Amino acid sequence: MTPSQSAQPTLRRAAIEAIERALAAAIRSGFLPPVAAGDAPLVIEVQRPAKPEHGDLATNVALKLARPYRRAPLEIAQAIAVELSREVEEDPTATPIASISVAPPGFINLHLSDAALDGVVARILAEPAGWGRVAARRPRRINVEFVSANPTGPLTIGNARGAFVGDVLCRVLEAGGHSVAREYYFNDSGAQIGKLGATILAIRTGQPIPEDGYHGDYTQALAAELPDAVLAEAAASGADAGAVVGSWAAGAVRTGIEASLDHLGVHFDVWKSEGSLHTEGWVERAIERLRAGGHVYVQDGATWFRSTTFGDDKDRVILRSTGEPTYFASDIGYVTEKFSRGFDELIYVWGSDHHGTVARVRNAAEAMGYDREAVRMLLIAWVRFVVDGVEVSMSKRAGTFITLDQLLDEVGVDAARWFFASRAPTSGIDFDIELAKKQSSENPVYYVQYAHARIASILRRAGEAGLEPADSVGSAIEGSAEARLAREIVRLPEVIEDAAALEEAQGITAFATELATAFHAFYRDAKVIEPTEPERSRARLALVAAAQHTLANALALLGISAPESM
RNA sequence: GCGCCUGUAGCUCAGUGGAUAGAGCGUCGGCCUCCGGAGCCGAAGGUCGCAGGUUCGAAUCCUGUCGGGCGCGCCA
C-alpha cells in the first residue's frame, strides 16, 4: 500500500463530507436551526439502498434530525438536498455525486457520477495491489492470539474455525489500516504433556497405555520416532521420565502443527510458551503489580485476585495454597508481556467455552492500569461436525478425532475457508462433512473463483487479438452494463472498512458473491472482445480487469486462491 | 439457580434502527451458430421462536417467556 492509494477517501466518505457541508450550509443560510451545544455530535450515516431506484448511496440524516429540530423530515431533507445540489452544480468534480433526490419519509438519495466511477477504475488499474486497502481513522497496533492449541496432539477439525477466523480477522484488520501481530500461545510443560510423554514411553517400552493417557494413533508414530538419546535420558530421570519424553513429544507435535497451519495458509509471527512467561518473570511482576494496587489478598493459604472489585461474581485464585500459579496467573502475566511490546489492543480468539474467563482477564488488565476496552475477546461458537447425520465428538485423549489435515484433504482449503468466513463467528453452525464434500463443486467459493478465471480467459483472448485494456473505462462507462458493474467494483474499500470496524469477515464473502454476480450479468449483456470496435473493447477490458483485481483482492483477504483457470 | 451465545425460506446461513427481509443448496420452468454453461433468466417457498414495550420506523434495541449451545474449579 502506498500513501497515494491509502490517502484516497472512499466514495462513501466523500459523500458523508459533502452532506456535512450541505447541512452546515443549510444552517448558515437559516433554513435549519443551529445544532444545540449540548447535543451529541451528529454522526452522518450513509448506506447502500437495497433498491437501485433509490440511488447508489442514501442517508437518513433528515429522519434523525426531525425530532431535535421538531420539523418534518421531508423539509429537512429538501433543505439539505438543495445545498448538495448547489455544490454539485457549481463544481461537479468536488464530490462523487451526480444527482440528489429526496424520497419519503425523508431519505436523501445520491447517485454517483460516471466520472467518479471511472476515476476509481483508473486508480485500480494504476495500482491494483493496494486497491481496497484503507487508512484507519485511528490506526492501532493489534495483537491477535488464536488457535493456541496445546501440543498434545495434532490439530483437529475442532481447531479449524478458530484458525480460519483468526487468520481472516488479521488480514481484514491489516487491510483496514492497522498493524497486526499473529500470536500462538501454548503450554509445552505440565500435567497433560507429562501424560503424553508417559503414553509414548509406555508404547515404546511395551507397557499398556495409562488410563489417563492419550489413545490416538499419532502416539504410536511418536513412540516409533522417539530418539534413543531421549529414551535414555528419561530412564535416567526416574520419576520425571514422562516429563522428559513429553517435552520432546511436544516439540515434535508442534512441528506437525506448524506444518498443518502452513497447509492452511496460516502463519504466526510469535509462538509464546506459557513456561516462558514464568521464567522471564512476567507472571511474578504482574502479581506484584496487582498486590501494589491492593487487588490481592491471601485466604486459606491461597493468593486471590479481588476480581469482584470490577464486577466479577467471585474472586479468583492466582497462587494455589501449594504456591503454584494457576492458569489465570499466566494469563495475567501474558497481558503485561503483550502490552510491554507496545500493542494498543489485544484480541483473543477463544472458543465460546472460555467465556467464563473473559471477565477476570479484563478485570485484571484494568486492575493493572490498562484500558479494559483494549483487551477484547472474540468468542467463536462451536461447530457441530456431522458425518452421516451423527455428530462426531472430539477427544484427543480418547483418540477419537478427525484431524484438520484429513478434513482439508477431503473438502479443500478454499472451500473450508469460505465456509467459515461466510458465517458469523458467534453463531453455532453445523458442518456436515459428507455434504461439504458432495457440494464442494457447487460451493459458492467456486462461483467467485469462476468469475475470476473467466476474466483471466477474456484477458488472454483479448491479448491474442491484439487488444489491451485501456487506462480507464472513459466514456464507455455511460453504458448501463458498465455502470452496474463499476458500482459493485468501487465498493471494496467500504466493505473492508466495515469488516475491520466490526472485526468480522462475512461482509467480504457477501461482497465477493455480489461482485461475481455483477460480472456474470455484465458478461451476458456486453461483449468485451469485439475487434471491429477496438476502442470500446479496450474500455470494457479496463473495466473487466478492474473487476478481476477486485475479486482477487477480496479473495486474498479470505486467504482463498484466485485461479487463472479452473 | 446464575451468566454468555443462539433461534430468519425445505436445508445451511447472511442481514452495524430504515424503503417490498436476502444468498447458496434443493424443487419447478426456460436459455449454448456468439469472449469459459462451474454461467444466465424466471417461479414457488417467510406470522424473522412467542408475547409485550421503546421508536416516525424493529429481524435488529428493552422486558418477559419457550427451545438449543456453552460456562459457573486452588482444571487447562
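Per chain, numbering begins at 1; letters A, B, ... match sequence-line order. Predicted model, so just to flag it, every value in this text is computed and none were measured.
Judged by distance alone, with hydrogens and angles left aside, Asn443(A) brings no side-chain donor or acceptor close enough to the base of A38(B) to form a pair under 3.5 Å.
C32(B) has its base syn relative to the sugar, with a glycosidic angle deviating from 0 by at most 90°.
Minimum atom distance to the side chain of Tyr446(A) is reached by A38(B), of the listed A38(B), G36(B), A14(B). Minimum atom distance to the side chain of Lys314(A) is reached by C72(B), of the listed G69(B), C72(B), A19(B). Of the candidate nucleotides U6(B), A76(B), C35(B), U6(B) has the atom nearest to the side chain of Thr426(A). Relative to the side chain of Ile529(A), the nucleotides C35(B), G36(B), G69(B) differ in distance, and C35(B) lies closest. Side-chain proximity of Asp353(A) to A19(B), G71(B), A38(B): nearest is G71(B). Checking A38(B), A14(B), G22(B) against every side-chain atom of Arg423(A), the shortest atom distance belongs to A14(B).
Thr303(A) comes within contact range of no nucleotide atom at all, as no heavy-atom separation falls under 4.0 Å. Counting any heavy atom pair closer than 4.0 Å across all strands shown, Ile429(A) reaches sugar-phosphate atoms only and no base atom. Within 4.0 Å of Ser321(A), counting heavy atoms only, lies at least one base atom of the nucleic acid. Residue contacts for Ala58(A): at a heavy-atom cut-off of 4.0 Å it reaches a base atom on one of the strands shown. Among the protein residues, Asp300(A) comes within range of the nucleic acid bases, having at least one heavy atom under 4.0 Å from a base atom. Using a 4.0 Å heavy-atom distance criterion, Asp430(A) is classed as a sugar-phosphate-only contact. Base contact: His355(A) has a heavy atom under 4.0 Å from a base atom. Residue contacts shown for Ser457(A) include a base, since a base heavy atom lies under 4.0 Å away.
The nearest whole Å value for the distance from the CH2 atom in Trp350(A) to the P atom in G69(B) is 24 Å. Between the CZ atom of Arg384(A) and the P atom of G69(B) there is a distance of 9 Å, given to the nearest Å.
Looking at Lys338(A) and Glu145(A), a side-chain N of the basic residue comes within less than 4.0 Å of a carboxylate O on the acidic one, giving a salt bridge. Residues Arg538(A) and Glu468(A) are not paired through a salt bridge, judged by the lack of any N-O separation under 4.0 Å between the basic side chain and the carboxylate.
Remark: ring of Phe107(A) overlaps the six-membered base ring of A19(B) in a stacked fashion, centroids less than 5.5 Å apart, planes less than 30° apart.
Position along RNA chain B of the nearest nucleotide to Arg320(A) versus Phe419(A) favours Phe419(A) as the more 5'-ward residue. Each of Asp313(A) and Glu564(A) lies near RNA chain B, and the nucleotide nearest Glu564(A) is the one positioned closer to the 5' end.
With both pairing distances under 3.5 Å, G42(B) is matched to C28(B) as a Watson-Crick or G-U wobble pair.
Within 6.0 Å of CZ on Arg376(A) lie no more than 12 heavy atoms contributed by other residues, nucleotides or ligands.
Cation-pi geometry between Arg254(A) and Trp271(A) is satisfied (NZ or CZ under 6.0 Å from the ring centre, within 45° of the ring normal). The side-chain tip of Arg423(A) points at the ring of Phe419(A) from less than 6.0 angstrom away and within 45° of straight on.
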